[in-house]
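As structure tokens, the structure follows; a few thoughts come after it.
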Amino acid sequence: MLRVLGRRLAATIPLLWLVATLTFVVVHAVPGSVADLIDNPRLTPQARQEIRERYGLDLPPHLQYLRWLSSLARGDLGVSFLYRQPVRTVVGRALPPTVLLAGTALLIDLLLGTALALLAAGRPHSWLDRLTTVASVGLYGLPSFWLAGLVILLFSVTLGWLPSSHMHSVDAAALGAGARFVDLLRHLVLPAGTLGLIGAAGTARYLRSTLLDIRSARYLLAAEARGVSRRRILWLHAMRPALLPVITVFGLSLPFLVSGSLVVEVIFSWPGMGRVMWTAAWARDVPVILATTLLATLAVIAGNLIADLLYMVADPRSRRQE
Amino acid sequence: MNDGGLPRRLRAGLGGAAVLVAACTLGPLLLPALPGNDPARSALLPPTARATAVCLTDGTVLVSQKVKVAAEFVTVFGPGKRETRLPHGEVSSVSSHRFWLGSDRFGRDLLLECLEGGRISLAVASLSLLVALVFGLGIGLVAATGGRVTDAILMRLVDALLAFPILFLLILCVTLFRPGPALLVPVLGFSSWMGLARLVRGQVLSLRQRPFILAARTAGSPWYRIWGLHYVPNLAGPVSQDAALRMGDLVLAEATLSFLGLGIPPSTPTWGSLIAQGHQVLADAWWLATFPGLAIAVLVISLALIGDGLQEMVRGKS
């Protein structure tokens, strides 16, 4: 297993380089991407020249590229054009809210998804199964931004129970620690619920079909013949192989812990990575664009790797193949 | 479950998709066009409201639930006690109109908007799917048949693109170029071929080892015969299943981008931009965002059912 880990980690570096180069080319190939910011008519020519020199924009593209790569290799992500702060600070500020939101959503996704799938697969073709199947297929088809709007309409506008945007209330700083925490939770419910619900629909659909596939396996029939109870078979014997797709879902969702869900963060004004990316793309904040893209890529690679390793822990068959 | 014929899910999915596609392509032709274009004097009408459309000689259409036609004047009562008196000379026609799904801020019929928007959403998604199919099939086939070095290079490229945050790439491209269908189709298509390429490559590589293809090759069948008779029919199932699910993803992606204001410009209705419009008046007009969203959901669910049904068929065959 360690050998696999080493080989995969070694393969990560060229992959990262490829993505970094790709992003650099996309950002720099477009005409006027950075020049628009600098060629501000209100700036004096000297000021413009100074900015160019400070950010290394007067260099030819290939030198800019090399300079960027070498500073990247040293862990230096550069300075944001927009915030006038190191990119590291900008990202560091946006990461905790995203981890909180995406983590809560992932928790809802896995718990609710597994529960629904177990309910449905326990008695296939019963009305409960039909209901959960219809609900999960229905939820799967809904655009997240649409569900977000509906949820805001219902819980914020009509009922007025929950706040519809941002992470804290305006007066949150004046509240005590406990009240602040409750305030944060109230802000978290709608975005995390929206993301988690849509995720849970996919997980439930996926898990139910694997559970039903496994149900007809011979070793389960053998267990039934030995007199093991139905519930025990479902929970212990069928669950382990059926959890493999949950691992896949988990691996696919891990990147969102870092990169955030752009649409939901934008709609709920959640101050996370998705919003940072969004603002950076509009403001052509090149250092932030490059850094967040790389970070998101790294997260995808890490998610795949973790899922594969978990697979090897959970499924003896995949160990033999390696 | 049912003997002979298509799986039930496939039939349900095909039915749903067919109804939606037919409505979107034919609906705008059959429904009476009612382009209200005077935002100041039109109201947001709820679903099933009956309202009167007053067409003026200069082409303007005023839509209101209260219109009084008197001997000298046609009076249109707008929202907030505003009334407009028009001499008969300025009015070309007065007609009653039922707004089954309500109207938007400009007095436009939401049903008509949804159908026209659907036509554009569907067109963009299917063209993008075509681009993705061309890239996916092409690169998958080249990787599977082109030798080890080509295969390795192409598959690493696929890995890199799969790890790349795609929505972000879309936003980057769209903010840097001018948004519109001409940009959306290639960008969406180019961002969704990687899974297909992997699928095609894997299928071809595993088919190549199967006895019936080895037998055909030993028997001296020419390559076009082997491809036409053995590879293509065996690829068709998985590829069309993948295409059905991908089409759903593309519809969602187009809607997401249009919602964010990065897709089709808002002057042209699409499902995504209609939802975005509805989002702005969410508290006053729930119907504006709801119906286009339902249309997307019906389409995506239909496509998912088609995918499930096709999978059932492929699995049943093998």
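Numbers restart at 1 for each chain; the letters A, B, ... are given by sequence-line order, proteins then strands. Values below: all heavy atoms of this structure, side chains included; hydrogens, waters and symmetry mates excluded.
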- Note on the structure: Among B:A304, B:A255, B:G248, the residue with the most heavy-atom pairs under 4.5 Å to chain A is B:A255

- CH2 of B:W286 to CG of A:L150: how many Å apart, nearest 0.5 Å? 10.0 Å

- Item | Heavy-atom pairs under 4.5 Å with chain B, option from A:V157, A:L153, A:L298 with the top count | A:L153

- Enter the distance from B:L274:CG to A:W146:CH2 here, rounded to the nearest 0.5 Å. 13.5 Å

- Message: Heavy-atom cut-off 4.5 Å, strictly under: side chain, backbone, both or neither for A:L18 against chain B?
- Response: side chain

- Task: Please round to the nearest 0.5 Å and tell me the distance separating atom CG of B:L157 and atom CG of A:L15.
- Result: 10.0 Å

- How many angstroms lie between CG in B:L260 and CG in A:L262, if you round to the nearest 0.5 Å? 6.5 Å

- Note on the structure: Nearest heavy-atom approach of A:P143 to B:I296 is CG-CG2, 3.8 Å

- Mind listing the closest non-hydrogen atom pair of A:G149 and B:H279 along with its distance? CA-CE1, 3.4 Å

- Inter-chain contacts: residues 287-294 of chain B against chain A, heavy atoms under 4.5 Å: B:A289, B:T290, B:G293, B:L294

- Given the rule in the side-chain contact (heavy atoms from CB on, under 4.5 Å) test, do B:L162 and A:N304 qualify, once you have shown the distances and angles that lead to the verdict? CA-CA 11 Å; B:L162 274 177; A:N304 285 342; over 6 Å; no

- Query: For A:I13, what residues pass the side chain to side chain contact (heavy atoms under 4.5 Å, CB included) criterion, not counting sequence neighbours?
  - Reply: none

- Item | Point-to-point distance, once rounded to the nearest 0.5 Å, from CD1 of B:I301 to CG of A:L139 | 8.5 Å

- Message: Checking A:I198 now: which residues fulfil side chain to side chain contact (heavy atoms under 4.5 Å, CB included) with it, not counting sequence neighbours?
- Response: A:S144, A:L147

- Message: Taking side chain as everything from C-beta outward and backbone as N, CA, C, O, which of these in A:V19 sits under 4.5 Å from a heavy atom of chain B? Side chain, backbone, both or neither.
- Response: both

- Item | Test ring pair (Phe, Tyr, Trp, His ring centres under 6.0 Å) applied to A:F268 - qualifying residues, sequence neighbours left out | none

